[in-house]
Amino acid sequence: MKAIILAGGVGKRMKPLTDSVPKPMVQVAGKPTLQWQIEWLKGCGVSEFVLCIGYLKERVQEFFGDGGSLGVRVDYVVEEEPLGTAGALRNALPYFPKGESFFSLNGDNLTDIDLSSLRAKREETGAVGALALVPLPCPYGVIHTDDDDYITAFVEKPRLSDYWINPGVYCLDSSIARYLPERGSLETEVFPLLATERKLTTAMYPDSFWMSIDSPKDVDEASKVLLARR
């Protein structure tokens with residue numbers, strides 16, 4: 001199985017951490033986010049990777065090389081200018097033969113999702129893509145009250161199980177190529193179109209770990225969580 005990781009973003013909200021390294025190379029608990037992702041995907045049976053890189057691309061290539069140090073194969077597709085997630089994916093598709101499934105994910109999140117069920121869902125439905133879904137993490141503490149308005153509990157940053165979000169983890173069929181623009185967004189352009197044609201399915205992960213690394217604060221929080229999980 002192969003995977004594409006979209007890792008070309010500048011990460012402006014991560015400054016000053018991204019002044020010298022691209023966003024997916026920021027260290028979390030002693031490792032770049034990209035390394036955490038590759039090791040997780042390897043555990044899911046992925047042995048070949050295509051990294052879509054742009055900003056400070058040399059830092060990614062110098063660190064991972066051909067992937068041999070991690071026991072995988074790594075190839076690179078370079079964006080000379082930002083193309084959006086859809087454009088970046090389009091550029092990488094020559095590495096994936098017609099009729100082949102592959103995983104795709106954004107290079108700024110950490111998760112332990114079991115990808116076997118995501119792949120199975122896409123293949124059994126014949127959908128162009130299957131999106132992993134996780135419960136919406138509330139950024140605030142929540143207060144519970146009783147019928148008399150007395151506070152009964154404080155719950156710190158719960159998961160809102162009635163609402164599901166896209167964590168940027170997909171299993172796609174190479175037939176998605178005909179939907180991809182040269183420049184544009186998977187999330188706001190391609191996926192809504194596929195949804196109207198009933199060509200997207202989902203697998204839900206109510207109990208899986210997932211965090212998006214979008215700010216220096218997220219780096220600190222994710223580091224604490226990963227170190228505790230060890």
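Computed from a predicted structure; not experimentally measured. Count residues from 1 along the sequence.
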Quiz item: What about Val142 and Trp164, same hydrophobic cluster or not, with Ile/Leu/Val/Met/Phe/Trp/Tyr joined at side-chain heavy-atom distances under 4.5 Å?
Solution: no

Quiz item: Are side-chain heavy atoms of Phe64 and Phe49 found at a separation under 4.5 Å?
Solution: no

Exercise. Determine, using the 4.5 Å side-chain heavy-atom cutoff (strictly less than), whether Met204 and Met211 are members of one ILVMFWY cluster.
Key: no

Quiz item: If Ile, Leu, Val, Met, Phe, Trp and Tyr residues are connected whenever their side-chain heavy atoms lie under 4.5 Å apart, and connections chain through other members, are Trp36 and Leu227 in the same group?
Solution: no

Quiz prompt | Euclidean distance, Leu133 CG relative to Asn166 CG, rounded to 0.5 Å | solution = 7.0 Å

Practice problem: Could you tell me the separation between the CD1 atom of Ile4 and the SG atom of Cys52, rounded to the nearest 0.5 Å? | Solution: 5.5 Å

Practice problem: Please tell me if the side chains of Glu124 and Thr201 come closer than 4.5 Å, counting only heavy atoms from C-beta onward. | Solution: no

Self-check item: Audit row: Leu41, Leu105, side chain to side chain contact (heavy atoms under 4.5 Å, CB included) steps and yes/no
Solution: CA-CA 10 Å; Leu41 286 162; Leu105 64 150; 3.6 Å; yes

Exercise. First locate atom CD1 of Ile5, then atom CD1 of Ile38, and finally report the distance between them rounded to the nearest 0.5 Å.
Key: 5.0 Å

Quiz prompt | Listed partners of Arg90 passing side chain to side chain donor-acceptor pair (under 3.5 Å), at least two apart | solution = none

Quiz item: Any sub-3.5 Å donor-acceptor pair from Glu221's side-chain atoms to Lys217's backbone N or O?
Solution: no

Exercise. Scan for salt bridge (Lys or Arg N to Asp or Glu O under 4.0 Å) pairs involving residues 107-118, sequence neighbours excluded, and state none if there are none.
Key: Lys23-Asp108, Asp112-Arg229

Quiz item: Got a donor-acceptor contact below 3.5 angstrom from the Glu100 side chain to the Tyr95 backbone?
Solution: no

Practice problem: Kindly work out whether a path of hydrophobic side-chain contacts (I/L/V/M/F/W/Y, heavy atoms less than 4.5 Å apart) joins Leu34 to Val50. | Solution: no

Quiz item: Does Pro167 offer a backbone N or O that forms a donor-acceptor pair with the side chain of Trp210 under 3.5 Å?
Solution: yes

Quiz item: Where is the tightest heavy-atom contact between Gly68 and Asp66, given as atom of each residue plus distance?
Solution: N-OD1, 2.9 Å

Practice problem: Over all heavy atoms of both residues, which pair between Phe191 and Leu200 is shortest? Give the atoms and the distance, please. | Solution: O-CD1, 3.4 Å

Quiz item: Mind checking whether Ile176 and Leu194 have side chains closer than 4.5 Å, heavy atoms only?
Solution: yes

Quiz prompt | Check: Ser20 main-chain N/O paired with Arg59 side-chain donor or acceptor under 3.5 Å | solution = yes

Quiz item: Heavy atoms, side chains only, cut-off 4.5 Å: are Asn109 and Gln37 in contact?
Solution: yes

Quiz item: Are the side chain of Asp148 and the backbone of Tyr150 linked by a donor-acceptor contact shorter than 3.5 Å?
Solution: no

Quiz prompt | Under 3.5 Å: donor-acceptor pair, side chain of Gln61, backbone of Gly65 | solution = no

Practice problem: List in chain and number order the residues that pass ring-ring contact (aromatic ring centres under 6.0 Å, His included) with Phe96, two or more places apart in sequence or in another chain; answer none if no residue qualifies. | Solution: Phe102

Practice problem: Indicate yes or no for a side-chain donor-acceptor contact from Thr33 to the backbone of Met25 under 3.5 Å, with no hydrogens or angles considered. | Solution: no

Quiz prompt | Stepwise side chain to side chain contact (heavy atoms under 4.5 Å, CB included) test for Leu89 and Tyr179 | solution = CA-CA 11 Å; Leu89 183 61; Tyr179 295 92; over 6 Å; no

Quiz item: Just wondering, do Ile165 and Pro137 contact through their side chains at under 4.5 Å, heavy atoms?
Solution: yes

Quiz prompt | Non-hydrogen atoms of Leu70 and Gln35 that approach each other most closely | solution = CD2-NE2, 4.1 Å

Exercise. Just do the side chain to side chain contact (heavy atoms under 4.5 Å, CB included) check on Val21 and Gln27 with the steps written out, would you?
Key: CA-CA 10 Å; Val21 295; Gln27 296 267 330; over 6 Å; no

Exercise. Find the distance between CD1 (Ile213) and OG (Ser223) and round it off to the nearest 0.5 Å.
Key: 7.5 Å

Quiz item: By side chain to side chain donor-acceptor pair (under 3.5 Å), which residues pair with Lys224, not counting sequence neighbours?
Solution: none

Quiz prompt | Atom of Leu83, atom of Ala88 and distance for their closest heavy-atom approach | solution = CB-N, 4.0 Å

Quiz item: Take atom CZ in Arg183; do more than 12 heavy atoms of anything else shown fall under 6.0 Å from it?
Solution: yes

Quiz item: Is any side-chain heavy atom of Val77 closer than 4.5 Å to a side-chain heavy atom of Glu79?
Solution: no

Quiz item: Is Tyr170 reachable from Leu110 through a run of I, L, V, M, F, W or Y residues, each pair having side-chain heavy atoms under 4.5 Å apart?
Solution: no

Quiz item: Is the number of heavy atoms from other residues, nucleotides or ligands under 6.0 Å of Phe63 CZ greater than 12?
Solution: yes

Quiz prompt | Distance in Å, Leu118 CG paired with Leu131 CG, rounded so as to fall on 0.5 Å steps | solution = 8.0 Å

Practice problem: Quick one: closest heavy-atom pair of Gly67 and Val74, and the distance? | Solution: CA-CG2, 3.6 Å

Practice problem: Verify, without hydrogens or angle tests, whether Thr111 (side chain) and Ile113 (backbone) share a donor-acceptor contact under 3.5 angstrom. | Solution: yes

Exercise. Mark yes or no for whether Arg122, through its side chain, and Gly129, through its backbone, hold a donor-acceptor pair below 3.5 Å.
Key: no

Quiz item: How would you list, by chain and number, every residue that makes a side chain to side chain donor-acceptor pair (under 3.5 Å) with Thr85, sequence neighbours excluded?
Solution: Glu187

Quiz prompt | Closest approach of Pro216 to Arg13 (non-hydrogen atoms, all atoms of both residues) | solution = CD-O, 3.5 Å

Quiz item: For atom CD of Glu197, is the number of surrounding heavy atoms from other residues, nucleotides or ligands below 6.0 Å larger than 12?
Solution: yes

Exercise. Using modelled atom types only, decide if a donor and an acceptor are shared between the side chain of Lys121 and the backbone of Thr202 within a distance under 3.5 Å.
Key: yes

Practice problem: Among Ile, Leu, Val, Met, Phe, Trp and Tyr joined by side-chain contacts under 4.5 Å, find the other residues sharing a cluster with Phe154 and list them by chain and number. | Solution: Ile143, Ile151

Quiz prompt | Ser116 vs Met1 side-chain heavy atoms within contact, under 4.5 Å | solution = no

Quiz item: Atom NZ of Lys2 and atom OG of Ser101: how far apart are they, to the nearest 0.5 Å?
Solution: 12.0 Å

Quiz item: Can you list the steps and then say if Val46 with Trp40 is a side chain to side chain contact (heavy atoms under 4.5 Å, CB included)?
Solution: CA-CA 9 Å; Val46 178; Trp40 156 62; over 6 Å; no

